[in-house]
Amino acid sequence: MSAPSRLRLALRDLGAGAAFGSMVVSGQLPVWTVAAFALSLVFALLGWRVFAKRAKATAVLLLGMAGLLGFSVYVGQLDLVVAACSFAGLIAGHRMLSTPEARTDGQVQLAGLLMVAGGAALSGELIFAVFLVAFCVFASLSMGLAVVEAAVPEGEPLPVRSVVRPLSVGLLFAVSGAVAFFILFPRLNWNVAARRASPGLGATTGLSDTVRLGGAGTLKSNPRVVLRAHITPDPGVDQLGSYWVARTYDTFDGQEWTSVGGPKRSRQRVTLRPGGESSLHQRIELLPAYGARTLVALETPTRMGNAVAHTASGNRRTSLMELGGGEVRFVDAGLGYSYEATSLPPEEDASTKMTEAELGQLLALPDRLDPRVAELARTVLDGEKEPLAAARKLSSWLQREYAYTLELQGDVEDPLADFLFVRKAGHCEHFATALTLMLRTQGFSARLASGFFGGERSDEDYILRAGDAHAWTHVLVPDRGFVTVDATPPGNRASQSMAALQLLTGLYETLESHWRSAVVDFSLRDQMDVAQRFIRPPRDSGRSSTRLPPARVWGVALLAGLVTYGTWRFLAARLSAPRPHTATRLVDTVERMLREAGVRPHEGETLEDLTARLVREHHSLAEPLAPVTRRYLEARFGQRPLEAGEAERLLTPLRRYLEARRAPAPSSGAGSQRSAS
């Protein structure tokens with residue numbers, strides 16, 4: 001058996017890397033396990049088997065990591081499945097850095113299979129399928145080369161080219177068959193065990209119970225599509241300048257915003273305020289990248305209901321729960337959701353009923369509010385007494401005097417004072433907080449609202465990206481209710497991601513949507529529906545229906561029959577064709593090598609005649625050629641067939657001789673050889 005080739009080990013390690021990647025796309029693995037495996041993969045690809053001579057010591061290290069994962073599960077910081085997947089990755093990394101041998105190879109491949117299974121349990125994203133196919137390709141090529149290595153005698157070269165080509169063709173057919181089997185055959189999802197699937201990489205959980213100032217505004221650069229809405233009547237514009245509200249906040253403690261009021265009973269439909277004839281109807285789908293349970297609707301929502309949670313085990317209706325701040329949440333957890341909502345035109349909100357406590361909270365200020373905030377507001381307003389005019393005056397001043405930025409240095413002790421008097425730059429939460437609190441210091445009721453801003457046309461729907469997440473201010477105006485005033489500069493309200501990145505993300509979202517509808521969520525019932533629609537007889541309202549299948553069924557049946565017949569004829573011809581004798585292939589190879597080396601026999605001269613002539617002429621080529629010719633005659637006519645690998649052994653001396661013959665002669669060299677032609 002020959003030594004393991006670097007190509008095979010590289011394919012093995014890349015296969016393990018692809019298997020680990022199928023788990024990483026879920027975004028649930030601990031960062032340190034991802035870093036440890038990535039480092040192991042780099043070392044392995046460079047050929048640094050650093051654990052080869054430290055098996056016991058590194059096994060103790062692996063046990064320590066297992067203990068750390070187990071402790072994380074025990075204290076509730078890590079899911080058991082995630083911990084198991086992480087440990088499988090660590091085992092694979094350890095084996096990749098150990099001495100390459102048959103047992104190690106088997107352990108790496110087995111760990112790869114476990115990691116792919118773990119990836120299926122953690123994520124159903126399209127990119128998981130890409131890693132799955134990559135693992136199948138790399139692992140199959142590696143195992144195929146391992147079989148060939150085992151048959152090649154020690155010291156002889158591995159015929160890589162002649163092996164990889166048929167392996168690749170066979171692998172192509174195998175992958176195609178696996179894809180067809182996966183799509184057409186009834187199947188179960190790994191997540192039917194009621195484990196929640198992951199929303200995947202790039203998901204946002206930007207809507208939470210609180211809004212905390214500080215930190216970088218990374219959401220603004222996230223191009224993932226999180227919401228798709230069909231609006232009736234159709235606005236008929238490419239870009240919406242609308243506010244999509246999720247919830248409002250009335251309490252600020254100096255660092256973060258919260259809301260008073262507790263949850264109410266759950267129900268199928270939630271009515272927030274009376275509707276009207278001019279209401280806008282929305283059919284909204286929250287995609288997996290949204291990553292939260294809060295419903296979103298155009299400002300100002302009046303009613304929400306008919307909610308469906310999309311889970312890994314199927315779709316089911318879910319109830320809604322109303323909480324403080326006008327927030328409405330799905331009761332059941334799901335990977336994505338769809339629901340209906342109606343909203344009043346986004347101008348005013350005079351019909352919202354509020355308690356005395358809620359009204360009082362609209363003027364509440366944090367205990368340690370910097371006194372300069374009130375003084376600054378008083379200076380800017382210059383005696384303005386009307387709430388809406390005051391809000392718009394402050395908003396214009398903030399947009400004019402302060403800069404928008406996503407680059408912040410993290411939490412500070414007083415983020416509002418830092419924004420107004422030190423950095424004089426911030427993102428939408430800083431602008432909205434400043435406007436809201438400056439209004440309150442002058443006796444005007446206001447609150448902070450969060451959700452999304454904008455809307456991009458996509459066919460007949462509108463989409464919102466994670467980068468469209470936004471915060472703004474509601475100012476309470478007598479006899480009009482809450483009116484939206486946005487202090488953030490207009491050009492910085494919507495997503496800040498690059499156009500090219502948005503295009504690429506859009507393509508990915510389209511593929512992922514087809515992947516989920518056509519593969520992940522394509523159930524046995526869907527398969528039956530497709531088959532029934534295909535074979536169902538056509539119905540003609542003017543005629544009586546027929547029981548015969550439609551013409552397309554007959555066409556497909558005819559095409560399938562022709563393909564089957566053609567395949568049978570092709571295979572029958574291939575199988576009945578006489579196969580060349582093993583010895584004949586040997587002599588064909590010898591003659592090809594001689595032609596390529598410029599050695600040409602005389603007219604009508606066979607290989608045995610050529611060999612005999614060279615022996616008579618004491619030609620140096622006779623020495624490597626004679627054993628090959630003698631063995632060919634024995635195998636072809638002497639009933640002593642060639643053994644496995646014997647042909648390659650016979651050809652090696654001849655190949656070396658011809659290669660040396662083609663090499664340029666040294667300058668001081670001896671005389672030239674005689675030609676055999």
Side-chain angles (χ1 to χ4, degrees), residues 125-126 199-200 202-204 206-207 219-220 222-246 275 278-311 315 317-318 320 328 330 334-346 451-470 493-497 499-522 526:
E125 284 207 338
L126 170 64
T204 171
L207 296 175
L219 276 181
K220 277 296 176 189
N222 190 337
R224 291 293 304 271
V225 177
V226 297
L227 184 150
R228 180 180 293 274
H230 183 82
I231 304 174
T232 306
D234 190 345
V237 296
D238 292 335
Q239 298 289 338
L240 284 177
S242 303
Y243 291 88
W244 302 74
V245 65
S278 58
S279 296
L280 295 172
H281 178 269
Q282 307 134 63
R283 182 64 189 173
I284 296 176
E285 181 182 7
L286 295 177
L287 302 178
Y290 179 64
R293 291 195 194 182
T294 301
L295 281 75
V296 180
L298 279 171
E299 209 171 45
T300 306
T302 58
R303 181 176 297 180
M304 299 178 178
N306 296 331
V308 176
H310 307 292
T311 67
N315 301 332
R317 295 184 66 84
T318 177
L320 305 176
V328 180
F330 301 101
L335 196 57
Y337 303 92
S338 59
Y339 58 97
E340 295 181 14
T342 55
S343 303
L344 291 170
F452 297 88
F453 175 83
E456 176 184 340
R457 189 85 178 188
S458 175
D459 297 328
E460 297 181 352
D461 300 333
Y462 287 91
I463 59 172
L464 290 170
R465 304 179 185 278
D468 292 323
H470 192 49
R493 293 172 184 171
S495 175
Q496 305 294 306
S497 57
L501 187 58
Q502 289 188 7
L503 176 62
L504 293 176
T505 306
L507 293 175
Y508 174 79
E509 301 283 356
T510 302
L511 290 174
E512 185 187 44
S513 176
H514 288 300
W515 162 258
R516 289 192 175 278
S517 61
V519 180
V520 177
D521 295 336
F522 196 69
D526 297 324

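This structure is a prediction, so every number in the text was calculated from the model and none was measured.
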Neighbour count above 12 (heavy atom, 6.0 Å) for Arg283 CZ:
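Count over threshold, so yes.
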
Side-chain heavy-atom pair Leu286, Ser338 within 4.5 angstrom cut-off
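Contact flag for Leu286/Ser338 side chains = no.
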
Between Leu227 and Ile284, is a side-chain contact (heavy atoms from CB on, under 4.5 Å) present by the stated rule, with each step listed?
CA-CA 7 Å; Leu227 184 150; Ile284 296 176; 3.8 Å; yes

Of all the heavy-atom pairs spanning [X] and [Y], show the shortest one and how long it is.
X: Leu280; Y: Gln282; value: O-NE2, 3.1 Å
X: Ser343; Y: Ala297; value: OG-CB, 4.1 Å
X: Ser242; Y: Leu298; value: CB-CD2, 3.5 Å

Would you check if the side chain of [X] reaches a backbone N or O of [Y] as a donor-acceptor pair within less than 3.5 Å?
X: Asp468; Y: Arg465; result: yes
X: His281; Y: Glu340; result: no
X: Thr302; Y: Thr342; result: yes
X: Tyr339; Y: Val296; result: yes
X: Glu456; Y: Gly454; result: no

Return yes if a side-chain donor-acceptor contact under 3.5 Å exists between Tyr462 and Arg457, otherwise no.
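Judged by distance alone, the side chains do pair up.
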
Parallel, tilted or perpendicular, judged at 30° and 60°: which one describes the rings of Tyr337 and Phe330?
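Tyr337 and Phe330: parallel rings.
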
